[in-house]
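Here's the structure, in structure tokens; my notes come after.
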Amino acid sequence: MTVTWSNQQIKEFRKTLLDWYDEERRDLPWRQDHDPYHVWISEIMLQQTQVNTVIPYYTRFMKLFPTVSDLANADEAVLLKAWEGLGYYSRAKNLKRAAQQIMADYQGVFPETPEALEDLAGIGPYTAGAIASIAFNVPVPAVDGNAFRVFSRLMEIEADIAKPQTRKIFTDIIAKVIDPDRPGDFNQAIMDLGSSYMTAKNPDPEHSPVKAFDQAYLDGKELDFPVKSKKPKPVDVPYVGLIIRSERGYLMQHRGTTGMLAGFWTFPLIKIADLDLGDDVVMATELAQHVTEYLHRETGITAELTPMGGRAITQVYTHQKWQVNLFGAEVLAQDLSHFPGEWVPQSNLAKLALPKVQIKMMNRLGMDPTK
DNA sequence: GAAGCGTGGTC
DNA sequence: TGACCAAGCTT
């Protein structure tokens, strides 16, 4: 059963949490001030991404784009390159869109209310709450995975946190518990707690500053919370990857503006299901013939494709697991009329924004993706 | 409201 | 190796 707290308990919890935070808060690059631009960029980078991963990206990003104005005017290719390796690349594109909104609608000055913040591209309920509370001291919850985990344990809340409607339950509870005088510190303290004593795996509730408030721990049920339904595992998707080299460089494909890895460049990737091979099991040599015809149809290139051997390159995403089988050929360069790609000299490859699967293909060839 | 969207770390 | 997990948002 969900525990409820008295007003007295709420006050004691706030003091205990904030006293601990004042002593133990992590010193992070984006915590040097409360500039909304700094808070915003860090919060977007931290979505589904760990602190240690974000730190070097954040530092580089601030040198490249020091202000909202710089970001609004950013070159999209430079922006994607700065985000390369962080994943969820729509975050980067939304950052630029939101920066343009701030310049156009607010003369470059950040709006302060959660409602106005949520109207900016890429800012949802969590990020709006984080910016409003941390940068502007607005007493609103910032309900992220940490808040779900911490409060589900403190109060033994059994609602499934994987379900969208569960957010309201937590938002309402945290709205009552949040410290009205220090909402930003309160929200950040919950996050620090969630990434130290109250982690998902191997938590240490025994030494937590708020263990007296942790009902799940007191009942010996720390790991029973949060309740979270499972997601299906990613499905296998077989691909062919083409290593086509000419005197003008490698054949590279631009992945368009929507869907997986939008805006990125890779060696041409063909979903084997798109080759319409029927249900028969296809041998590598036979597959090579089909791909050769496909390549000719799409690019006009005539090439004698050879399977490159070795295991398929594997790339796991949230919903798919790509298995990329490599085929290669040396050809004479020709103009690519309607194919969305270009010949790229090896010396220019590193200037493009390259996703991990492309890095892995290059590594297989013994190429250095950084030059 | 479910599904799509990346990558790196951990056990 | 597989199965989660990590400061979610958009459609």
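Residue numbers start from 1 in every chain, and the chains themselves are labelled A, B, ... in the order their sequence lines are given, proteins ahead of strands.
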Respond yes when some side-chain nitrogen or oxygen of [X] is under 4.0 Å from OP1 or OP2 of [N], and no when none is.
X        : N     : result
A/Gln50  : C/dC5 : no
A/Tyr89  : B/dT7 : yes
A/Gln48  : C/dG8 : yes
A/Lys321 : C/dG2 : yes
A/His319 : B/dG4 : yes
A/Ser195 : C/dA6 : no

Select one nucleotide: of [options], the one nearest the side-chain heavy atoms of [X].
X        : options              : result
A/Tyr126 : B/dG6, C/dA7, B/dG8  : C/dA7
A/Arg31  : C/dG8, B/dT7, C/dA7  : C/dA7
A/Thr318 : C/dG8, B/dC5, C/dA6  : B/dC5
A/Lys356 : B/dT7, B/dT10, C/dG8 : B/dT7
A/Pro355 : B/dT7, C/dG8, C/dC9  : B/dT7
A/Pro164 : C/dA7, C/dG2, B/dG1  : B/dG1
A/Lys233 : B/dC5, C/dA3, C/dC4  : C/dA3
A/Asn94  : B/dC5, C/dT10, B/dT7 : C/dT10

Donor-acceptor pair under 3.5 Å: do we get one between [X]'s side chain and the base of [N]?
X       : N     : answer
A/Arg26 : C/dA7 : yes
A/Thr53 : B/dG8 : no
A/Thr49 : B/dG6 : yes

Sole candidate of A/Glu118, A/Gln47, A/Glu43 that passes side chain to side chain donor-acceptor pair (under 3.5 Å) when paired with A/Thr127: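 The side chain to side chain donor-acceptor pair (under 3.5 Å) with A/Thr127 is passed solely by A/Gln47 among A/Glu118, A/Gln47, A/Glu43.
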Base, sugar-phosphate alone, or nothing: which one does [X] contact when heavy atoms must sit under 4.0 Å apart?
X        : result
A/Ala121 : sugar-phosphate
A/Ser42  : nothing
A/Asn187 : nothing
A/Ile131 : nothing
A/Val316 : base
A/Gln315 : sugar-phosphate

Could you measure between the two [atom1] atoms, the one in [N] and the one in [M], and give it in whole Å?
N     : M     : atom1 : result
C/dC9 : B/dG8 : P     : 22 Å
C/dA6 : B/dG4 : P     : 22 Å
C/dA7 : B/dA2 : P     : 22 Å

Ion pair present between [X] and [Y], side-chain N to carboxylate O less than 4.0 angstrom?
X        : Y        : result
A/Asp192 : A/Arg25  : no
A/Asp75  : A/Lys81  : no
A/Arg153 : A/Glu222 : yes
A/Lys168 : A/Asp172 : yes
A/Arg182 : A/Asp22  : yes

To the nearest 0.5 Å, what is the distance between CD1 (A/Ile44) and CG (A/Asn94)?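 A/Ile44 atom CD1 to A/Asn94 atom CG measures 8.0 Å (nearest 0.5 Å).
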Would you mind telling me which residue lines up with the more 5' stretch of DNA chain C, A/Arg167 or A/Arg149, judged by nearest nucleotide?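 It is A/Arg149 whose nearest nucleotide is closer to the 5' end.
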